[in-house]
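Structure, as structure tokens:
A, B, ... follow the sequence lines: proteins, then strands. Residue 1 opens every chain. Side-chain atoms are counted along with the backbone in the values below, which use heavy atoms only and exclude waters and symmetry mates.
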Amino acid sequence: MITTRFAPSPTGYLHIGGLRTALFSWLWARKNRGEFLLRIEDTDLSRNSDEALEAILKAFDWVGMSYDGDAIYQSKRFDIYKKYIDQLLEEGKAYKCYMSKDELTVLREEQMSKGERTRYDGRYRDFNGTPPEGVEPVIRIKAPQEGNIIFNDGVKGEITIASTEVDDFVIARTGGVPTYNFVVAIDDALMNLTDVIRGDDHLYNTPKQIVVYEALGFEIPNFYHVAMINNEQGKKLSKRDGATDVMEYKTLGYLPEALLNFLVRLGWSHGDQEIFSIDEMIELFEPKNINRSSSNYNLDKLLWLNAHYIKNMPNEQLAIRLKEYSIEVEGHDKLELLLDATKERGKTLVELASQINLIMNAPTEYNPKNVKKAFKGEAKNILADFAMMLKEWERPLHTPPEYHAVIDNFVKSKEIGFGKIGMPLRVSLLGSMTGSGLDEIMAIIGVEETISRIERAIEFVGSVTPTTNI
RNA sequence: GGCCCCUUCGUCUAGCGGUUAGGAUCCAUGGUUUUCAUCCAUGUUACAGGAGUUCGAGUCUCCUAGGGGUCACCA
């Protein structure tokens, strides 16, 4: 059985890099009918925040990734870690180090000035004397002093790191609170993880964790280190790049299925395929197809995917999603028509919402530029005549083709080009020069509203246009 | 700086010793559309550089350059 996990620390929001590794882990577990576990890394009591934790859980919920069982909180497992610390101490695989922070700083500065890698020098590794007074010790683990630590990374291949690069790192701070690399290794082992998929930035933690695995006799899982996601300039993602919080994408009008599809293709591929439903991702995902190089985050592609998912989403479903964007169209008698007429014109739900609002609400103002272009010349009279024709029209007016017939008839009887009525009518109805088809708009709002909007436009034109121009 | 990793169109990527180096996005052009958008078609653009190995190298090896990661009593 495959067991994977996502292990965020509740110190900030969930960002897209984290979401992607979570996605990969989730897909891999689901594909193998294994388990995907959630573990909250909250051993740094001073940096945790409940809001951050809540935001992470909310983001998971929004994208629809479910974890198995209950989330595990490291802060509630200190007694377990304590037990292993004591065990290592007893077995002589760990020791108390009485070096003060000041002494450590001095050592580091010395090493840095010599251009060496900063590392603990092991001065208390075999200490038998009387401990200095007044110093609360930390616990350090005995790391191998020679040879190499070698592991096979599922993405990058065999990684060899010299043991001299790994010092006797602290596993318990003064006060006894255990540190990250120690608890990660213990929890990963205790949770029976088979595959650890995580960010590239953890690559150097792996040898440290292997030291713990070996000291405790745990079985080492498979590691997959996924390269980072950079911004469009190829630099590290930062707050300045916007939308670092996954939930920000919801605010911007992105569908979770588009975001996930975008992320799954960032660093992973299945031949030339671009569009993946969740089920397809689960079916096709293979960690061996994860790219070894880092990738740049590019909004164009996400936007294209989002537009794709909006266009292809059933209208009832779309109506439900739109509720989050202050659009209440569920149960509207022209729902199908309304969404068919607008959903190809919005790349995000926010844009789609504004398209819908344009149709559902009569324009309260007309852009001067549009007025100048669309309401010039005979426009006022033409609109008036068209409104008249609508009023006197005797055939039914419900569907777009039925409205089309009116326009058709109007243009022919007046012997004018479509342009003479098209743009003035559009601006009258929407206040905008672009948008859905006129036939559709009129069919959605109905004949009374159509006439009312035309009359308001005529009134407006009359108030600003010199009579000589009409 | 030490160590580790990475390098194919602007971007995401396919490629797994022999291809006219493919797809997607973006951009441009044309077509469809009464506008816009959608859709369709066409087009421009890439193997970081240099040595090897080989009959043959984007694919293997080495070097150089560039980029990234990491060096905590943070996670």
Exercise: do A/Tyr180 and A/Asn205 side chains pair donor with acceptor under 3.5 Å
no
Looking only at N and O atoms, is any donor in the side chain of A/Glu232 or the base of B/rG10 less than 3.5 Å from an acceptor on the other one?
no
Looking at every strand, decide which applies to A/Gly435 at a 4.0 Å heavy-atom threshold: base, sugar-phosphate, or nothing.
base
Using a heavy-atom cut-off of under 4.0 Å over every strand shown, decide if A/Gly267 touches base, sugar-phosphate, or nothing.
sugar-phosphate
Atom CG of A/Asp153 and atom C1' of B/rU70 are separated, to the nearest Å, by 15 Å
Would you mind classifying the nucleic acid contact of A/Arg119 as base, sugar-phosphate or nothing, using non-hydrogen atoms under 4.0 angstrom?
nothing
Determine the Euclidean distance between corresponding C1' atoms of B/rG67 and B/rU61; express it in Å to zero decimal places.
22 Å
From the list A/Phe24, A/Phe60, A/Tyr67, A/Trp28, ring-ring contact (aromatic ring centres under 6.0 Å, His included) with A/Phe6 holds only for A/Phe60
Using whole Å, report how far OH of A/Tyr120 lies from C1' of B/rC73.
12 Å
Counting any heavy atom closer than 4.0 Å, what does A/Arg292 reach on the DNA or RNA strands: base, sugar-phosphate only, or nothing?
sugar-phosphate
A/Asn291 CG to B/rA24 P: how many Å, rounded?
19 Å
Determine whether the side chains of A/Asp42 and A/Ser75 contain a donor N or O and an acceptor N or O closer than 3.5 Å.
yes
Using atom P in both nucleotides, what's the gap between B/rA65 and B/rC26 to the nearest angstrom?
38 Å
Does A/Thr434 reach a base, just sugar-phosphate, or nothing at all? Heavy atoms under 4.0 Å.
base
Any side-chain N or O of A/Arg108 under 4.0 Å from OP1/OP2 of B/rC73?
yes
Determine the interatomic distance between P on B/rG10 and the same-named atom on B/rG49; round to the nearest Å.
12 Å
Does the structure show a Watson-Crick or G-U wobble partner for B/rC39, both distances under 3.5 Å? Name it, or say none.
B/rG31
Plane angle bin for A/His308 and A/Trp304 - parallel if under 30°, tilted between 30 and 60°, otherwise perpendicular
tilted
Paired with B/rC16 by Watson-Crick or G-U wobble geometry, both distances under 3.5 Å: which nucleotide is it?
none
Any donor-acceptor pair under 3.5 Å joining the side chain of A/Asp272 to the base of B/rG22?
yes
Complementary nucleotide of B/rA21, counting Watson-Crick and G-U pairs under 3.5 Å:
none
Can you name the ring-ring contact (aromatic ring centres under 6.0 Å, His included) partners of A/Phe182, sequence neighbours left out?
none
Rounded interatomic separation in angstrom, taking CG from A/Asp439 and C1' from B/rU35
12 Å
Below 4.0 angstrom from OP1 or OP2 of B/rU13, is there any side-chain N or O of A/Ser295?
yes
Classify the side chain of A/Arg265 versus the base of B/rU13 as yes if they form a donor-acceptor pair under 3.5 Å and no if they do not.
no
First encountered from the 5' end of RNA chain B, between A/Gln74 and A/Met228:
A/Met228
Using a 4.0 Å heavy-atom cut-off, does A/Lys101 contact any base of the nucleic acid, only the sugar-phosphate backbone, or nothing at all?
base
Please work out if A/Arg140 contacts a base, only the sugar-phosphate, or nothing of the nucleic acid, heavy-atom cut-off 4.0 Å.
sugar-phosphate
Write down the partner of B/rC9 under the Watson-Crick or G-U wobble criteria, each distance required to be under 3.5 Å.
none
Between B/rU35 (C1') and A/Ile421 (CD1): distance, integer Å
13 Å
Would you indicate what A/Met423 reaches in the nucleic acid, counting non-hydrogen atoms under 4.0 angstrom: base, sugar-phosphate, or nothing?
sugar-phosphate
Which base sits across from B/rU70 as a Watson-Crick or G-U pair, both distances under 3.5 Å?
B/rG2
With a 4.0 Å heavy-atom cut-off, tell me which residues in residues 299-313 of chain A come close to RNA chain B, sorted by residue number.
A/Asp300, A/Lys301, A/Trp304, A/Lys311
Checking all strands, does A/Ser436 fall into the base, sugar-phosphate, or nothing category for heavy-atom contacts under 4.0 angstrom?
base
What is the distance, rounded to the nearest whole Å, between atom CG of A/Asn152 and atom P of B/rC5?
13 Å
Say we look at B/rG15 and B/rA24: how far apart would their C1' atoms be, to the nearest angstrom?
15 Å
Does the base of B/rC73 carry an N or O that pairs as donor and acceptor with the side chain of A/Thr174 under 3.5 Å?
yes
Can you find a donor-acceptor N/O pair under 3.5 angstrom joining the side chain of A/Tyr204 to the base of B/rC3?
yes
Just name whichever nucleotide pairs with B/rU54, Watson-Crick or G-U, keeping both distances under 3.5 Å, else none.
none
If you look at every strand shown and take non-hydrogen atoms under 4.0 Å, does A/Glu274 touch a base, only sugar-phosphate, or nothing?
base
When rounded to whole Å, the CG to P distance for the pair A/Leu352 and B/rA37 reads 17 Å
Ignoring hydrogens and angles, are the base of B/rA75 and the side chain of A/Asn205 linked by a donor-acceptor pair under 3.5 Å?
yes
Mind checking if A/Val170 touches a base, just sugar-phosphate, or nothing, with heavy atoms under 4.0 Å?
sugar-phosphate
A/Arg345 has an atom CZ; how far is it from atom C1' of B/rU38, in whole Å?
8 Å
For atom C1', what is the distance between B/rC9 and B/rG58, given to the nearest Å?
13 Å
Categorize A/Thr43 for me: base, sugar-phosphate, or nothing, with a 4.0 angstrom heavy-atom threshold over every strand shown.
sugar-phosphate
Would you kindly compare A/Arg20 and A/Asp167 by the position of their nearest RNA chain B nucleotide and give the one closer to the 5′ end?
A/Arg20
Between B/rG69, B/rC12, B/rG2, which nucleotide has the shortest distance from any of its atoms to the side chain of A/Asp201?
B/rG69
Would you say A/Lys235 places a side-chain N or O within less than 4.0 Å of OP1 or OP2 belonging to B/rG68?
yes
